[in-house]
Amino acid sequence: MTDVAHMKWWGWGVEGVGFHHDNKPGFAPFVLDAVGLDLRTAAAVDIPDFDSLTVAEPVVSEQVLEAVRSVVGGEHVHTDRMSRVVHTYGKSLRDLVRIRRDLIQRSPDLVVYPADEEQVAAIVGLAVEHDLVVIPFGGGSNIAGSLEPRPAETRTVLSLDLGRLDRVLDIDEASGLARVQAGVQGPSLEEQLNARGWTMGHFPDSFTHSTLGGWVATRSSGMQSDKYGDIADITRGLRMVRPAGTVVIRPVPSASTGPSLREMIVGSEGRLGVITEVTVQVHRVADERVIHAYFFPTFAVGLAAMEEIAASDAAPSVTRISDSWETGFSMATSKERSGVSKFMAETALPTIMRRKGWNLDDICLSFIGFEGGKSHARAQKSAVDAIVKKHGGLGVGTGPGVLYDQKKFDTPYLRDFLLDRGAAGDVSETAAPWSRLVEVHAAARKAAHDAYASLGTTGWIMSHMSHSYHSGACLYFTFAFVFGDNPLEEYDVVKQAIQQSFVDNGGTLSHHHGVGVEHSPWMEQDVSPEGVALLRGLFTAADPGENLNPGKVTPEA
Ligand SMILES: Cc1cc2nc3c(=O)[nH]c(=O)nc-3n(C[C@H](O)[C@H](O)[C@H](O)COP(=O)(O)OP(=O)(O)OC[C@H]3O[C@@H](n4cnc5c(N)ncnc54)[C@H](O)[C@@H]3O)c2cc1C
């Protein structure tokens, strides 16, 4: 068997790790108030027994199996039920609900683990020769439906897992360019780079279970993107295997050689070929890395401060501000405090805020990260402090920032906790110009609450702004509600209302989660019908036999 680790088949992360609230006394009352779910009495929704799942027999001929085995070796071709189930979906809420409810529409028929680019090329060649469907698989963490085979696919579907291509091959130290195999997962990539004093600085919340190739294929963004850039900026060169050969994008600093092929491949979700190697911009590990917390009286005031920080010379690594609802949630999920920390959080700080005339229900928590040489980080911080002061904000030091940094990779487990109790918790994100952010925020909240009302349920929505750019920023929404009798339909009502509000109010349909099949219905509204026609033309020309992850990015005609 191939030695590549995967997440649990029914949820996020690894077996034995989950969200719990034993040491968070405010959590249960918060959930009761927000969505009407009483955690003391909520009936457990059991995860089905794996053996009882309905998984159709694989559709694959002996001839194809033999041909594939001869390329990668028999031990790297898997047709067992667990391998096929793990490679069926990503980790969107729809994926998790379907898998927990035994709704597997179409699984891959075989899972193949190539060892190198030569083997990838041979498999892609076989796919065209035998008319197979090839779906590249990274960490399986996408939440846009980017992996699932078309439900009615009759051809053999091959999931090509890049997990064995997991090495940093070379670092050009003069240029800060690292050549890295595409299947490497976040922690291993950073470990290999850190061992030589470098970092890539890309830390999506899914960092622990996603891969470099997946990040590139979905146009990912990490929490320190203000300093290090999105994956589209970090990707300088790459190699992508196609049926007739390999596209090689050399890592030149900039080029004016026609439309950017690199940009065309970033975000292609496996539809143009299989990315085997990426040359990424890396940076020396910073001497100083610190996250400071600030409070603002309202979200609008906080956003104005973030906008001014983005336009200033401060250049922090993280600028993030939660709306008052997310601030309330953060307080509710804080661990129980005692002593001085309890006094500061529960007595001293509220007193100061009230004296400033703030309404405590409106306050917003912000995290700002500083990274670099010690004096550089100090200079950044004083520039930010001056802007915060001008907007009437309040600095509260590094304590909350340390906690945020520690628990950032634990939050994804919360979704499974809610699903285990019959409730949905999910996310939608967008980016919009600074001039539109307040409206986009208000419109998404209204859309969600209207959707909850139409379902006759109580729901929750909260948001933060992160990932600043010169012209605007990302707004990231988390929403939750208790399911009725039709979870998928109810989820679609809420999710669709939020997505529609984004495009109707000047935001993009996704800032960093890609398109897959879950977002593709809005593509024409996002990039215009002619834009979609152009993309369709590209995919048809590049893959006339529809062998490369068909059905993703552009809506099915
Ligand atoms: C809890 C949670 C938190 C998340 N947080 C973030 C976040 O902060 N930022 C962010 O950007 N995203 C986030 N995501 C979304 C997800 O992690 C990203 O979309 C990620 O980039 C997917 O990478 P992956 O390796 O898991 O790819 P997969 O899910 O395996 O694949 C995604 C798509 O890329 C294609 N693909 C994968 N590898 C290759 C390759 N080598 N060549 C060609 N195509 C390939 C696949 O065919 C598929 O279409 C989050 C997801 C979850 C569940």
Side-chain angles (χ1 to χ4, degrees), residues 6-7 11-13 19 86-93 95-96 108 114 117 120 124 133-149 157-166 180-186 189 202-225 230-232 234 238-242 247 265-278 320 408-416 425-427 429 464 466-467 474 476 478 510-519 548-553:
H6 295 107
M7 287 190 265
W12 181 256
F19 174 84
V86 163
H87 288 81
T88 299
Y89 292 133
K91 297 295 177 191
S92 77
L93 190 103
D95 297 338
L96 299 181
E117 185 178 285
V120 171
V124 170
V133 171
V134 172
I135 304 181
F137 187 97
S141 74
N142 78 85
I143 50 176
S146 309
L147 284 171
E148 61 188 80
V157 178
L158 185 155
S159 176
L160 193 62
D161 189 316
L162 279 294
R164 292 171 70 204
L165 278 74
D166 63 354
V180 186
Q181 290 184 305
V184 68
Q185 301 227 349
L189 168 59
H202 185 73
F203 299 102
D205 292 352
S206 55
F207 173 76
T208 46
H209 298 288
S210 52
T211 63
L212 175 58
W215 298 335
V216 174
T218 57
R219 293 193 86 92
S220 164
S221 193
M223 69 186 68
Q224 278 139 251
S225 66
D230 297 323
I231 203 70
I234 295 169
L238 54 78
R239 296 177 65 89
M240 182 178 73
V241 169
R242 293 191 23 80
V247 177
I265 292 168
V266 177
S268 57
E269 299 190 18
R271 290 211 56 181
L272 296 175
V274 183
I275 301 160
T276 50
E277 194 181 298
V278 188
R320 176 183 168 118
K408 59 185 183 250
F409 297 136
D410 299 341
T411 317
Y413 288 96
L414 183 54
R415 232 162 27 140
D416 294 318
D426 202 34
V427 297
E429 36 73 63
H464 63 256
S466 51
H467 312 287
C474 164
Y476 187 99
T478 304
S510 177
H511 167 260
H512 58 258
H513 285 161
V515 186
V517 294
E518 296 203 18
H519 290 153
L548 300 170
N549 201 12
K552 313 300 166 0
V553 182

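As the structure lists them, so they are numbered: ligands from 1, and atoms in each ligand from 1.
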Inventory of protein N or O atoms under 3.5 Å from ligand 1 N or O:
| unit_1 | atom_1 | unit_2 | atom_2 | d |
| --- | --- | --- | --- | --- |
| ligand 1 | 8 (O) | Asp205 | N | 2.8 |
| ligand 1 | 9 (N) | Ser221 | O | 2.8 |
| ligand 1 | 11 (O) | Ser220 | OG | 2.7 |
| ligand 1 | 11 (O) | Ser221 | N | 2.9 |
| ligand 1 | 11 (O) | Ser221 | O | 3.4 |
| ligand 1 | 11 (O) | His512 | O | 3.2 |
| ligand 1 | 17 (O) | Ser141 | OG | 2.6 |
| ligand 1 | 17 (O) | Ser206 | OG | 2.6 |
| ligand 1 | 19 (O) | Thr218 | OG1 | 3.3 |
| ligand 1 | 21 (O) | Gly214 | O | 3.3 |
| ligand 1 | 21 (O) | Thr218 | OG1 | 2.8 |
| ligand 1 | 25 (O) | Gly139 | N | 2.9 |
| ligand 1 | 25 (O) | Thr211 | N | 2.8 |
| ligand 1 | 25 (O) | Thr211 | OG1 | 2.7 |
| ligand 1 | 26 (O) | Gly139 | N | 3.3 |
| ligand 1 | 26 (O) | Gly140 | N | 3.2 |
| ligand 1 | 26 (O) | Ser141 | N | 2.8 |
| ligand 1 | 26 (O) | Ser141 | OG | 2.7 |
| ligand 1 | 29 (O) | Ser141 | N | 3.1 |
| ligand 1 | 29 (O) | Asn142 | N | 3.0 |
| ligand 1 | 29 (O) | Asn142 | ND2 | 3.0 |
| ligand 1 | 30 (O) | Gly138 | N | 2.8 |
| ligand 1 | 30 (O) | Gly139 | N | 3.3 |
| ligand 1 | 30 (O) | Gly140 | N | 2.8 |
| ligand 1 | 41 (N) | Ile275 | O | 2.9 |
| ligand 1 | 42 (N) | Ile275 | N | 2.9 |
| ligand 1 | 47 (O) | Pro136 | O | 2.6 |
| ligand 1 | 49 (O) | Ser146 | O | 2.9 |
| ligand 1 | 49 (O) | Glu269 | O | 3.2 |
| ligand 1 | 49 (O) | Asn549 | ND2 | 3.3 |

So do Met223 and Ser466 actually touch side chain to side chain, heavy atoms under 4.5 Å? no
Between Asp230 and Arg219, is there a side-chain N and carboxylate O pair less than 4.0 Å apart? no
Using side-chain heavy atoms (C-beta onward) and a distance below 4.5 Å, is Leu162 in contact with Thr211? no
In short, Glu277 meets Ala182 closest at the heavy-atom pair N-CB, 4.1 Å
Is there side-chain contact between Tyr476 and His467, with at least one heavy-atom pair below 4.5 Å? no
Answer yes or no: is there a side-chain heavy-atom contact under 4.5 Å between Leu96 and Lys91? yes
